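Small disclaimer: the values here were computed from a predicted structure and weren't measured. Per chain, numbering begins at 1; letters A, B, ... match sequence-line order.
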Amino acid sequence: DTEVTQTPKHLVMGMTNKKSLKCEQHMGHRAMYWYKQKAKKPPELMFVYSYEKLSINESVPSRFSPECPNSSLLNLHLHALQPEDSALYLCASSPRTGSYEQYFGPGTRLTVT
Amino acid sequence: GQNIDQPTEMTATEGAIVQINCTYQTSGFNGLFWYQQHAGEAPTFLSYNVLDGLEEKGRFSSFLSRSKGYSYLLLKELQMKDSASYLCAVSVVYNFNKFYFGSGTKLNVKP
């Protein structure tokens, strides 16, 4: 199983809503990542979890709150988002942090109205 | 900081060979990855170079010169389905080996 799954595929939310994005992998990977990707731009790293601990926060606004309940799951909690937060949110995993290829999930297309 | 450059867009003909270049200036270089991304989809891993030289994987090959800060992805026998963006990503040895992505090269394959 070399798959990273993400739910939902699409999400439309208002600026006052609270929602969560979910990511799951069963490859035994111990590093998981959240990226944000705007149209025609490369993925931008948001957070890195290593062995279920937050290792990197790329100065992401607090309206994005990551959570890693266990080694297979990664959540991104969203609250009071802005329209400019509309983007494709990608989850990725790798065996560990290090020079390993990252496997990406299909992404969640988020629209903030 | 990290500086990774790729051409914005390229066009090639079905059946031909195309080379996509990537130049980088980074500190703590630890490896270079190539990803393919079709519009609206997730990036998929293509190849990885950490030492100088050529890595071949079927129709795809990737080359690295660490001294020159240069890599290329070579696609042979182009197919229409190869139309996609190709992202070069550099891994750096400090700070948990973050990936820094180039802006991507959009490849258009014409019949």
Side-chain angles (χ1 to χ4, degrees), chain A residues 2-7 9-10 21 23 25 27 29-60 86-111, chain B residues 1-9 20 22 24 26 28-51 55 57 60 62 64 66 71 73 84-108:
Chain A
T2 57
E3 194 179 19
V4 177
T5 59
Q6 289 186 245
T7 54
K9 289 191 74 172
H10 300 276
L21 309 184
C23 173
Q25 56 87 14
M27 295 179 277
H29 289 175
R30 303 311 298 269
M32 296 184 78
Y33 310 79
W34 279 116
Y35 288 87
K36 172 183 176 180
Q37 187 175 26
K38 301 283 260 184
K40 299 183 181 180
K41 298 286 187 184
E44 296 174 38
L45 183 66
M46 299 174 73
F47 303 103
V48 179
Y49 273 84
S50 177
Y51 290 86
E52 295 102 72
K53 287 189 175 11
L54 184 63
S55 303
I56 295 177
N57 176 343
E58 290 285 275
S59 303
V60 179
S86 299
L88 181 68
Y89 288 83
L90 293 163
C91 172
S93 72
S94 63
R96 294 186 293 281
T97 56
S99 213
Y100 299 94
E101 63 265 29
Q102 295 180 15
Y103 293 87
F104 285 83
T108 294
R109 175 73 60 189
L110 174 67
T111 303
Chain B
Q2 319 298 332
N3 193 25
I4 302 168
D5 288 314
Q6 303 179 235
T8 305
E9 194 163 357
I20 302 174
C22 172
Y24 62 89
T26 64
F29 175 85
N30 200 33
L32 190 141
F33 297 79
W34 283 96
Y35 282 83
Q36 179 192 62
Q37 187 174 26
H38 287 97
E41 298 182 11
T44 54
F45 169 73
L46 290 177
S47 71
Y48 167 51
N49 295 75
V50 64
L51 299 175
E55 293 284 338
K57 269 188 169 187
F60 296 84
S62 58
L64 176 67
R66 292 177 67 132
S71 174
L73 179 70
S85 286
Y86 291 85
L87 298 163
C88 158
V90 170
S91 165
V92 296
V93 71
Y94 58 89
N95 203 4
F96 291 92
N97 282 266
K98 283 172 58 174
F99 270 30
Y100 292 91
F101 282 90
S103 297
T105 298
K106 186 180 178 199
L107 176 65
N108 303 302

Subject >> Student check: side-chain heavy atoms of B/Phe99 and A/Tyr33 closer than 4.5 Å >> reply: no
Original post:
Should we say atom NZ of A/Lys38 is surrounded by more than 12 heavy atoms from elsewhere, each under 6.0 Å from it?
Top reply: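 Buried by this count: over 12 neighbours within 6.0 Å.
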Subject >> Aromatic ring proximity A/Phe104/B/Tyr35, centre distance under 6.0 Å >> reply: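 So the answer is yes for these two rings.
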Subject >> Minimum heavy-atom distance A/Leu88-B/Glu41, with the two atoms named >> reply: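 Result for this residue pair: CD2-O, 4.4 Å.
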Subject >> Contacting region of A/Pro43 [heavy-atom separation from chain B under 4.5 Å] >> reply: both
Subject >> Residue part contacting chain B, namely of A/Gln37, when any heavy atom lies under 4.5 Å >> reply: side chain
Original post:
Do A/Pro42 and B/Ile4 touch side chain to side chain, with heavy atoms closer than 4.5 Å?
Top reply: no
**OP:** Drop me the distance from B/Ser47's OG to A/Glu101's CD, to the nearest 0.5 angstrom.
**Re:** 10.0 Å
Original post:
Under a 4.5 Å heavy-atom cutoff, which of B/Ala89, B/Ala39, B/Ser103 has the most pairs with chain A?
Top reply: B/Ser103
